[in-house]
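Below: the structure, in structure tokens.
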Amino acid sequence: MGKKEQKAFDFVVNKLKSDENNISIMLVGSAKYKDLSDENLSINDIDLFVIRKNQISDQIREFPNYFGVEFDINYFSIESANRYIERGEKFFVKAISKPVLVFEREEISEDIIEKCKIMYEKINKK
């Protein structure tokens, strides 16, 4: 089953990379622990967080299906990502505290990941 997941993942990542507004793509969720090319793979969906240069909404969420594989893609502007970190939005800081960095156009990912790690630890100490 894994070949279609890898094919779908590669297709989506290439599509996202072709948009100059997308500056970072991170694989989050349970799929980050899997080998998408594994023939015996069993996953519900592939979760991606995409950081964008410009975006009006804080978060845009899409659930496309490519080659029979479900995706959950969340788009955030740099500003909204920083706001989510400052507010300690658990869904965001947890996901980005240990992502698989798939692509980055500008060197912002390490900073965002590090801030998320710090905030996630702070939230869990409460």
Side-chain angles (χ1 to χ4, degrees):
M1 202 166 83
K3 289 191 191 230
K4 77 173 181 176
E5 284 82 3
Q6 187 67 57
K7 180 180 178 181
F9 179 78
D10 293 343
F11 176 81
V12 169
V13 168
N14 286 328
K15 184 176 179 197
L16 292 169
K17 285 166 57 173
S18 71
D19 182 341
E20 294 287 322
N21 195 32
N22 297 333
I23 56 176
S24 179
I25 304 168
M26 299 180 210
L27 178 63
V28 298
S30 62
K32 73 182 177 187
Y33 301 110
K34 310 278 180 153
D35 176 359
L36 297 178
S37 64
D38 181 352
E39 290 296 328
N40 299 311
L41 181 66
S42 175
I43 58 172
N44 292 328
D45 64 359
I46 297 175
D47 300 296
L48 296 172
F49 276 20
V50 180
I51 308 295
R52 309 180 92 195
K53 282 185 202 175
N54 301 301
Q55 179 171 291
I56 294 171
S57 302
D58 276 351
Q59 178 183 12
I60 297 171
R61 194 170 184 190
E62 299 177 343
F63 301 95
N65 183 311
Y66 295 98
F67 309 107
V69 178
E70 297 288 328
F71 284 82
D72 183 350
I73 304 174
N74 287 272
Y75 299 90
F76 307 93
S77 68
I78 296 169
E79 294 81 15
S80 63
N82 284 317
R83 268 195 308 277
Y84 283 145
I85 295 166
E86 289 167 15
R87 291 193 311 230
E89 295 287 345
K90 195 166 186 174
F91 86 96
F92 187 86
V93 296
K94 181 180 179 185
I96 296 190
S97 66
K98 292 183 181 176
V100 172
L101 182 59
V102 176
F103 168 79
E104 98 174 316
R105 191 178 314 280
E106 297 178 12
E107 294 183 16
I108 58 134
S109 301
E110 275 188 43
D111 184 51
I112 290 174
I113 293 167
E114 191 57 35
K115 287 178 185 176
C116 283
K117 285 179 184 176
I118 292 166
M119 181 54 79
Y120 187 61
E121 285 178 19
K122 195 183 289 187
I123 290 169
N124 283 333
K125 286 182 181 178
K126 291 182 181 180

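Position 1 is the first residue of the sequence; numbering continues from there. What you see is a predicted model, and the numbers here were worked out from it, not measured in a lab.
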More than 12 non-hydrogen atoms from neighbouring residues, nucleotides or ligands closer than 6.0 Å to CD on E107, yes or no? no
Can you confirm whether more than 12 heavy atoms, excluding those of D10, are under 6.0 Å from its CG atom? yes
Applying salt bridge (Lys or Arg N to Asp or Glu O under 4.0 Å) as the test, list every pair that has at least one member in residues 63-81; sequence neighbours left out. R61-D72
Looking only at heavy atoms, the pair that brings I85 and M119 closest together is O-CE, 3.1 Å
Apply side-chain contact (heavy atoms from CB on, under 4.5 Å) to residues F63 and D45 and explain how you reach the verdict. CA-CA 9 Å; F63 301 95; D45 64 359; 5.9 Å; no
As an exercise, state the distance from CD of E104 to CD1 of I112, rounded to the nearest 0.5 Å. 9.0 Å
Do the side chain of N82 and the main chain of I78 share a donor and acceptor less than 3.5 angstrom apart? yes
Give a yes or no on whether I73 and V100 share a hydrophobic cluster (residues Ile, Leu, Val, Met, Phe, Trp, Tyr; joining criterion: side-chain heavy atoms under 4.5 Å apart). yes
Below 3.5 Å, can you tabulate the donor-acceptor pairs from side chains in residues 86-96 to any protein atom, sequence neighbours excluded?
{"unit_1": "R87", "atom_1": "NE", "unit_2": "E89", "atom_2": "OE2", "d": "3.3"}

Say you draw a straight line from CG of N74 to CD of E62; how long is it, rounded to the nearest 0.5 Å? 9.5 Å
Pairs where residues 5-30 contributes a residue and the test ring-ring contact (aromatic ring centres under 6.0 Å, His included) is met, not counting sequence neighbours: F11-Y66, F11-F67
Run the side-chain donor-acceptor check on residues 21-31: report pairs under 3.5 Å with partners two or more places apart or on a different chain.
{"unit_1": "N21", "atom_1": "OD1", "unit_2": "K53", "atom_2": "N", "d": "3.3"}
{"unit_1": "N21", "atom_1": "OD1", "unit_2": "N54", "atom_2": "N", "d": "2.9"}
{"unit_1": "N21", "atom_1": "ND2", "unit_2": "N54", "atom_2": "O", "d": "2.7"}
{"unit_1": "N22", "atom_1": "OD1", "unit_2": "R52", "atom_2": "NE", "d": "2.8"}
{"unit_1": "N22", "atom_1": "ND2", "unit_2": "L16", "atom_2": "O", "d": "3.0"}
{"unit_1": "S24", "atom_1": "OG", "unit_2": "S109", "atom_2": "OG", "d": "2.7"}

Of all residues at least two apart in sequence or in a different chain, which pass the side-chain hydrogen bond (donor to acceptor under 3.5 Å, both in side chains) check with K17? none
In this structure, CD1 of I60 is separated from CZ of F76 (nearest 0.5 Å) by 10.0 Å
For the atom pair CD1 (I113) and OH (Y120), what is the distance rounded to the nearest 0.5 Å? 15.5 Å
Can you tell me how far the OG atom of S97 sits from the CD atom of E114, to the nearest 0.5 Å? 10.5 Å
Please list, chain by chain and in numerical order, all residues satisfying side-chain hydrogen bond (donor to acceptor under 3.5 Å, both in side chains) with D111, sequence neighbours excluded. K115
